[in-house]
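Since the structure is predicted, the reported quantities are computational estimates derived from the model, not experimental observations.
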Amino acid sequence: MKTRRILLGAAAVVGVLSAGAVTASVLQDAPRDARPVQDPIGDILRTTPSVPTESPPAGAPAPRSPVAVTPPPAIVIAEDAAVEEKAEDEIKAERPVATKAIEQPDTPARRQRRKFAIIQAIDKVTAESMKFEVEVGGRPVRFNRNLIFAARACEVTTPDELTEDAIAYIDVSLQPRGRETAPRQIFRGWMFASSPSVSGVQNPYYDAWIVGCKN
């Protein structure tokens, strides 16, 4: 009987200790109340009495009657006759600059086609960047296991055009390697090397644009 009471007492003590440990763990995980940050310098500044400011000096009293103000005499700048003659000669010597018109040929030149389009692509997640070639009408090129590039045309501007540029017609599809899913097209159209931010591929994960054309 005595042994049974000892066992029951020990079990009760173990239960109380376990409950206390659980309660302490719950209290430790619960958010604590916010405490102000110790700022001794701020406390000193707040407790230090402010120094009284000096009062501004008293000004002179305003006159009772208005004071007449005399305007200063006008200053006349004398001009030298030689300076005036020189200015007139310079005006006469000035003549309008003749502008040369851009000679346009009777028949515009034809743009030259190239065999390869040079593409610059970047993976925004891994920061991987690569410049590669895509054959016009040839085998598509895969970038970073997901993007597939196919070039349909690539040409450069003629000398009589105002801006030197490279233009390519590109198809871009998204198809992860190793998955038997149909490729999903994310871009099709003309890319201009002079304006990559306007005509390039703008995807949440990838950017791609044309750099040039070559044979």
Side-chain angles (χ1 to χ4, degrees), residues 21-43 45 99-105 107-215:
V22 172
T23 305
S25 177
V26 172
L27 293 177
Q28 186 177 1
D29 295 337
R32 64 179 179 86
D33 296 335
R35 299 177 182 177
V37 179
Q38 298 295 331
D39 188 8
I41 298 177
D43 295 339
L45 295 176
T99 58
K100 182 180 179 181
I102 299 176
E103 298 180 358
Q104 297 290 344
T107 56
R110 191 172 182 178
R111 291 179 175 176
Q112 299 179 2
R113 294 290 181 100
R114 298 289 188 263
K115 295 181 180 179
F116 295 92
I118 305 174
I119 303 294
Q120 178 83 31
I122 183 171
D123 186 345
K124 297 180 181 179
V125 178
T126 62
E128 178 184 356
S129 179
M130 183 183 299
K131 184 186 297 184
F132 52 91
E133 300 177 358
V134 181
E135 185 179 0
V136 175
R139 185 177 179 182
V141 177
R142 182 186 295 271
F143 168 74
N144 198 16
R145 302 176 59 89
N146 293 324
L147 288 185
I148 300 175
F149 291 84
R152 307 303 179 188
C154 193
E155 57 190 23
V156 296
T157 54
T158 58
D160 58 347
E161 296 188 47
L162 299 178
T163 304
E164 184 178 357
D165 203 354
I167 307 99
Y169 193 87
I170 305 295
D171 289 342
V172 184
S173 302
L174 182 63
Q175 184 186 28
R177 178 178 294 177
R179 297 184 183 179
E180 298 181 358
T181 57
R184 179 169 60 90
Q185 189 177 75
I186 61 175
F187 180 86
R188 169 180 283 182
W190 291 97
M191 289 186 180
F192 297 84
S194 60
S195 56
S197 60
V198 177
S199 60
V201 177
Q202 296 180 358
N203 185 268
Y205 305 103
Y206 301 98
D207 279 346
W209 60 95
I210 181 177
V211 178
C213 303
K214 60 174 292 187
N215 282 327

To the nearest 0.5 Å, what is the distance between [atom1] on [X] and [atom2] on [Y]?
{"X": "I148", "Y": "Q185", "atom1": "CD1", "atom2": "CD", "value": "11.0 Å"}
{"X": "R111", "Y": "E161", "atom1": "CZ", "atom2": "CD", "value": "4.5 Å"}
{"X": "C213", "Y": "D165", "atom1": "SG", "atom2": "CG", "value": "9.0 Å"}
{"X": "I118", "Y": "F132", "atom1": "CD1", "atom2": "CZ", "value": "11.0 Å"}
{"X": "Q112", "Y": "E155", "atom1": "CD", "atom2": "CD", "value": "10.5 Å"}
{"X": "I170", "Y": "W209", "atom1": "CD1", "atom2": "CH2", "value": "14.0 Å"}

Check: Is there a donor-acceptor contact under 3.5 Å linking the side chains of Y205 and N146?
Finding: no
Checklist line | E164 atom CD: more than 12 heavy-atom contacts under 6.0 Å | finding: no
Next item on the list: Could you tell me whether R110 atom CZ has more than 12 heavy atoms of other residues or ligands within 6.0 Å of it?
Entry: no
[X] and [Y]: which non-hydrogen atoms are nearest, and at how many Å?
{"X": "V156", "Y": "R114", "answer": "CG2-NH2, 3.7 Å"}
{"X": "F187", "Y": "G200", "answer": "CE1-O, 4.1 Å"}
{"X": "G212", "Y": "A166", "answer": "CA-CB, 3.8 Å"}

Margin query: Enumerate the side-chain hydrogen bond (donor to acceptor under 3.5 Å, both in side chains) contacts for residues 124-139, please, sequence neighbours excluded, ordered by first and then second residue.
Written below: Q120-S129, D123-T126, K124-D207, E133-K214
Margin query: Out of the candidates V134, I210, N215, only one should pair with C154 under the side chain to side chain contact (heavy atoms under 4.5 Å, CB included) rule; please name it.
Written below: I210
Does some side-chain heavy atom of [Y] sit less than 4.5 Å from a side-chain heavy atom of [X]?
{"X": "I186", "Y": "Y206", "value": "no"}
{"X": "T157", "Y": "I167", "value": "yes"}
{"X": "R188", "Y": "D171", "value": "yes"}

Notebook entry, point to check: Where the side chain of R142 meets the backbone of Q175, is there a donor-acceptor pair that is under 3.5 Å apart?
Noted result: yes
